[in-house]
> 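Below you'll find the structure I mean.
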Amino acid sequence: MSPLPLIFCAVCWLGGLLVSSQQPTVIWFFLLVAALGAGWLKRSLRSGAILVAIVALAALHISLNRQLPGRHVTALFTAKEEILQPISGTISGEVVLRDGRWLTRINQLTVCGVAVSGAALFSTTKPGLHYGDRVSCIMQLSAIRPPGNPGMMNWQKWYGRRGIFARGYPRSAVTVQPASGFSLQRSIIDLRRWMLRRIRQRFGEDAPLISAVLLGCKDELGDTRTLFTQAGLSHLLAISGLHVGVLFLIITGITSILPQRTFRKLLTIALLMLYCLLCNGIPSVFRATTMLSLYLLASLFSRKVSAPNILAAAFLVITILRPEDIYSVGLQMSFIAVATLLFFLPRIRPCRITKSDNGLKLAAKKSANNLIGIVGVSFWVSLYLSPITMHYFYQFNLNGIIANMLAIPLFSLLLVLSVICLAVPPPLYQLYYPVFLVVHQVLNRWVALCAGMPFCWKPLFASGMQVIVLFGLLILGGVLQKRRHRAMLIGVVLALVAVVALPYMVPSKHERVVFFDCGLGDCALIQQGETAVLIDTGPVEDEPGHATRTILPFLIRQRITNLDLVILTHGHNDHFGGFDALAQELNIQRVAVTDEFKTRSCWPRIQRTIVEENAEVTTVTDTTTIVVGDLRLKVLHPDAGYNHPKINNASIVVRVVLQSTVFLFCGDAEEEVEEHLLSRYPKMLNCDVLKVGHHGSKTSSTMAFIQGTSPEVAIVSTSRHNRFSFPHPATMRRYAQAGVPCYITGTDGCIIFEKSQAKPTTRE
């Protein structure tokens, strides 16, 4: 059979999955019936009708898959986002330790004795939980919330595609009813936990890397992940075709001693599927396992094997079983890489071999062809993956073109040695482990060397529409290069560069102020055209609102790569904690701090980062005006005549006028500063938007200050739940009595004031 029909079917199926949300389910059902009817009534329409039917069937399939059954857990959150009730559930996933708490998935939930469908994440300090156990307690069950800022990871959708719609925390002692009987899933989880323990025992400090590349556990990789990503080798840490291929070769070598061919292949398929289950069915592993299994089954029945057919069949199998996997970045990159190799990779043989070539000359030509071929494959795959890497990871990385030349063979050898060291008895382990260490050290040095190469451009973002256009141009370029249309190919290359570069060349016309949801901390962006000012940078990395997860995605997606000014209001880490992380990704031109800030223990570290950025430092010692582009920022506090022992009362207080809207940023200033400002600058305090001081604490926002500022809107920057109970009820009552509406970033999400907008835009 020609590979084209199955490829067409796979493409139509993909189209149906992607457009499923555009029309109601019933429309897709009628389209399916109409297409089948047209194909049955008129033979000439049969091929087209089948393709239309496939589109409709795919859309219908994913639409039905997304429909929630009755008595679903989400119905519990229609009135409020959380409940506190007696709840029980059955553990249906692996129990893992995260930040001192045991985290797992529970389903078969009962709330006050009433069964509800849907699963929840369950977090507890109680050890000794296992798959299949039934847990019961007074539980705080809350809905998984949408992202607080635009561009952040949408955990609500991510978990929802896996059937998880809530989070549960025990508020009483947890009682456990142990599981009984045999369970295949429990056996696989126990085997996985045994393997992880054995990896920790045998590999010591190298265990995080081996756990990642053998079983997909990346939680403890730390700086290793950053280094591999910078070197363009992040695909080596994501279990994919290379890993499964190495395992396939190992299994094939072991099973080759078995006499019966059919049994060997069936055993290989079974072992590959077991490995896929041990990796928790990671989409990229699922893809590689499915393709190899289909290949073995085809050869078992003596059917002609076509690589494009195998790829299309694997896609259909995976998305029929798990349609939501099309949104998995790992699956997308895995299929795009394989499709690039099959359909668009040019024949790269620069050294022509003739019949007269022999000896050293022949060997030199073959070596040159192989070397250039490896470089070409790396370049071509990196190029076709670039729209995905720019959209999700904000970078265009070609370091991997060189890095792959040595990293792939070293990594393949490392994988083989890892499996051997894991499987052999202690005497042989002592023999192989030194070899593993040597290979690992060489690989680490090579990765570190390649990470320092200059062929990684970031931050670089491609929107969804840009991704579609880029893929269209890349596919067109792949077709043209095979047909040798060089002039048209040059036009495609120029178009590719233009699609990526033009959004960065068009001057920004945005005039807005953004108050980020960054947990218990402060961060606000003031943008006027090309000028961008950041007031504070949110909390430190180990807080839930770390800058790289909350602030940076928005800035990069808005193509803000340069910060003209960063104001660090005072020396508390919930205000300056994200500075280093932002400086790693963005260009910072100028930093404003107080002279009091420079006396703090945190200043030397901040100063080192400022020196590395070659940024200018503005030291605020008195009231002043800071001019940045067309922006004028009036600093009202601190002034030379005010002293107070509290760090909060040394906060920089800034007044900014954007168009006709006046914003007043109060940092963590408390009532003493408010009283001082009322006495010194009463006419400068009137504002339209007030950033409430000290996260809404009861030590700030006196009624006199609220009346003196008379804001139209107040913004409280704090997390939804925190140990200080911010914002304080008394503070909220004072704003309510004054008739001032309050927005809370932890509840309402990111709050954006755009030019000529009557009301702010929130997450909802």
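Computed from a prediction, not measured in an experiment: that's the story for all the values here.
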> Decide if atom CZ of F77 counts as having more than 12 heavy atoms of other residues, nucleotides or ligands within a radius under 6.0 Å.
yes
> Is there a donor-acceptor pair under 3.5 Å between the side chain of E585 and the backbone N or O of P459?
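No; zero donor-acceptor contacts below 3.5 Å.
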> Do R287 and F315 form a cation-pi contact, if we require the NZ or CZ to be under 6.0 Å from the six-membered ring centre and within 45 degrees of the ring's axis?
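Checked: cation-pi criterion not met.
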> Answer with yes or no after comparing the ring centroid distance for Y743 and F515 against a 6.0 Å cut-off, counting only values under it.
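Between Y743 and F515, the centre distance exceeds or equals 6.0 Å.
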> Is the side chain of S63 donor-acceptor paired with the backbone N or O of T25 at a distance under 3.5 Å, no angle test?
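Looks like no, no N/O pair under 3.5 Å.
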> I'd like to check W13 versus H61 (side-chain heavy atoms, cut-off strictly below 4.5 Å). Are they in contact?
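In contact.
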> Output all residues satisfying ring-ring contact (aromatic ring centres under 6.0 Å, His included) with H243, sequence neighbours left out; order by chain, then residue number.
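Scan of H243 (ring-ring contact (aromatic ring centres under 6.0 Å, His included), adjacent residues dropped) gives F411.
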> How about F182 and S187: do any of their side-chain heavy atoms sit closer than 4.5 Å?
yes
> Is it true that the NZ or CZ of R202 lies under 6.0 Å from the centre of Y429's six-membered ring and within 45 degrees of the ring axis?
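Positive - R202 is close enough to the ring of Y429 and near enough to its axis.
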> Would you call the rings of F726 and H695 parallel, tilted or perpendicular, where under 30° means parallel and over 60° means perpendicular?
parallel
> Does R71 CZ have over 12 foreign heavy atoms under 6.0 Å away?
no
> Is the shortest side-chain heavy-atom distance between L84 and R171 below 4.5 Å?
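Contact flag for L84/R171 side chains = yes.
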> Taking atom types as modelled and ignoring hydrogens, do the side chains of H575 and D536 form a donor-acceptor contact shorter than 3.5 angstrom?
yes
> Compare all side-chain heavy atoms of W155 with those of P146 and state whether any distance is below 4.5 angstrom.
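No. Closest side-chain heavy atoms not under 4.5 Å.
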> Minimum heavy-atom separation for T537 to I551, with atom names?
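Nearest heavy atoms, T537 then I551: O-CD1, 3.5 Å.
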> Any side-chain to backbone donor/acceptor pair from N149 onto M152? Under 3.5 Å, distance only.
no
> Do side-chain atoms of D517 reach the backbone of T550 as a donor and acceptor pair under 3.5 angstrom?
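No; zero donor-acceptor contacts below 3.5 Å.
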> I want to check something: taking the side chain as every heavy atom from C-beta on, are E94 and R193 in contact at a cut-off of under 4.5 Å?
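Counting from C-beta outward, E94 and R193 do come under 4.5 Å.
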> Which pair of non-hydrogen atoms, one from C217 and one from R192, has the smallest distance, and what is that distance?
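The pair with the smallest heavy-atom distance is SG-NH2, 3.0 Å.
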> Kindly indicate whether the side chain of Y275, heavy atoms from C-beta on, has any atom under 4.5 Å from the side chain of L247.
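Side-chain contact under 4.5 Å: yes.
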> Does a side-chain heavy-atom distance below 4.5 Å link S142 with K80?
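Counting from C-beta outward, S142 and K80 never come under 4.5 Å.
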> Any side-chain heavy atom of Q140 sitting closer than 4.5 Å to one from E82?
yes
